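Quick caveat, the model's predicted, so the values are computed rather than measured.
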Amino acid sequence: MVDLAAIVTETAMGWAGVALGPGGIRYATLFHRTEDAALGELRAFGARPGAHPSSTAVSTLLVAYAAGEPAPIEAYPVELTTGSELQRKTWLALRDIPRGETRSYGWLARHVGEPDAPRAIGAAVGANPIPLWLPCHRVVASDGSLHGFGGGLAMKSALLELEGALPRRLVG
């Protein structure tokens, strides 16, 4: 078993993966077009393909989540080994935003006890090392508009549609 195992899975939304340490997920990718792209992102964090006792469980959750099933990815153990105290507090608080709902940066700042620091909270959200599992895509501007997502606004919109926070767009 490697120290930081890279697990990459093909889903209905593309290839996604996680870097698993002994205590849970340390890093995660969003959805990519190729397996190599997802694996490359995890390698940049020092993860290497290898066996891990949670490989099957993580892959199953990713596939179910991307298919729109109520997969409880927000409850999966994470291992936060980077970031300041404020960042770690903010990242874990993202799990308090229910699936199918959104919250503003101001709400998140108040929720973590930093009501005068919405910009610092926004920066922490933007530095989230475990997207999807720590659902930063559920944070929106105070007027409800979408902005500030590392995977792009189309990805943020797609994730919120998948979770039922936005109406699904008609295709075709």
Side-chain angles (χ1 to χ4, degrees), residues 3-7 13 16-32 38 41-42 44-47 52 54 57-58 60-62 64-66 68-167:
D3 291 340
L4 194 55
I7 310 302
M13 293 185 74
V18 299
L20 285 165
I25 299 171
R26 266 193 224 165
Y27 302 100
T29 73
L30 291 169
F31 297 101
H32 290 276
E41 186 177 336
L42 295 173
F45 291 113
H52 192 282
S54 299
V58 166
T60 299
L61 280 170
L62 273 171
Y65 174 81
E69 298 172 18
I73 63 173
E74 306 88 344
Y76 196 86
V78 295
E79 188 175 62
L80 295 174
T81 60
T82 63
S84 68
E85 182 180 338
L86 177 63
Q87 286 176 316
R88 290 190 302 273
K89 183 168 60 169
T90 300
W91 295 335
L92 291 174
L94 293 168
R95 289 183 159 189
D96 296 336
I97 305 170
R99 183 183 176 122
E101 297 182 23
T102 60
R103 298 290 187 270
S104 70
Y105 291 97
W107 176 90
L108 189 56
R110 291 186 301 278
H111 187 68
V112 300
E114 301 289 341
D116 297 324
R119 289 185 193 274
I121 297 302
V125 170
N128 177 11
I130 312 175
L132 300 177
W133 308 85
L134 300 176
C136 53
H137 58 279
R138 295 179 187 161
V139 182
V140 299
S142 59
D143 66 0
S145 63
L146 306 184
H147 71 87
F149 190 63
L153 294 184
M155 172 74 71
K156 185 171 189 160
S157 181
L159 293 171
L160 292 172
E161 287 175 24
L162 179 76
E163 294 180 353
L166 289 177

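- Between Glu114 and Arg119, none of the side-chain N atoms (NZ, or NE/NH1/NH2) sits under 4.0 Å from a carboxylate O, so this pair counts as no salt bridge.
- In this structure the side chain of Phe31 reaches within 4.5 angstrom of the side chain of Leu159, judged on heavy atoms.
- Here the side chains of Arg138 and Leu160 are in contact, with some heavy-atom distance below 4.5 Å.
- Remark: the backbone N or O of Leu132 is not paired with any side-chain donor or acceptor of His137 at under 3.5 angstrom.
- Note that CG of Leu166 and NZ of Lys156 are 10.0 Å apart. Values are rounded to the nearest 0.5 Å.
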Given side chain to side chain contact (heavy atoms under 4.5 Å, CB included), test Asn128 with Thr90 step by step and report yes or no.
CA-CA 9 Å; Asn128 177 11; Thr90 300; over 6 Å; no
Which is it for Tyr27 and Glu41 under the side chain to side chain donor-acceptor pair (under 3.5 Å) test, yes or no, and what are the steps along the way?
CA-CA 9 Å; Tyr27 302 100; Glu41 186 177 336; over 6 Å; no
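- With contacts defined as side-chain heavy-atom distances shorter than 4.5 Å, the pair Leu4/Leu20 does not qualify.
- To the nearest 0.5 Å, atom CG of residue Asp116 and atom CD1 of residue Ile121 are 11.0 Å apart.
- The side-chain heavy atoms of Glu163 and Pro70, taken from C-beta on, include no pair separated by under 4.5 Å.
- Here the straight-line distance linking atom CG of Leu162 with atom OG of Ser157 works out to 11.0 Å at 0.5 Å rounding.
- Taking 4.0 Å as the cut-off between side-chain N and carboxylate O, Arg26 and Glu79 count as a salt-bridged pair.
- In plain terms, the two heavy atoms of Ala28 and Trp133 that are nearest each other are CB-CD1, 3.6 Å.
- Of all heavy-atom pairs spanning Ala71 and Arg99, the tightest one is O-NH1, 3.7 Å.
- The two atoms that bring Leu30 and Gly151 nearest to each other are CD1-CA, 3.5 Å, heavy atoms only.
- Rounding to the nearest 0.5 Å places CZ of Arg95 at 12.0 Å from CD1 of Ile97.
- The line from OG1 of Thr102 to CG of Leu146 is 8.5 Å long, rounded to the nearest 0.5 Å.
- Panel note: side chain Ser104, backbone Trp107; a donor-acceptor pair is recorded below 3.5 Å.
- Proximity of Leu86 to Trp91: side-chain heavy atoms (C-beta onward) are nowhere separated by under 4.5 Å.
- Side-chain contact check for Leu92 versus Leu80: some heavy-atom pair is nearer than 4.5 Å.
- For the pair Asp3 (side chain) and Gly21 (backbone), a donor-acceptor distance under 3.5 Å is absent.
- To the nearest 0.5 Å, the span separating OG1 on Thr81 from CZ on Phe45 amounts to 10.5 Å.
- Minimum interatomic distance between Pro135 and Leu94 (heavy atoms only, all atoms of both residues): CG-O, 3.4 Å.
- Side-chain contact check for Leu61 versus Pro72: some heavy-atom pair is nearer than 4.5 Å.
- The two residues Ala47 and Ala5 make their nearest non-hydrogen contact at CB-C, 4.4 Å.
- Considering every non-hydrogen atom in both Ala93 and Leu108, the closest pair reads CB-CD1, 3.9 Å.
- Although no hydrogens or angles enter the test, the distance criterion places a donor-acceptor pair under 3.5 Å between the side chain of Gln87 and the main chain of Ser84.
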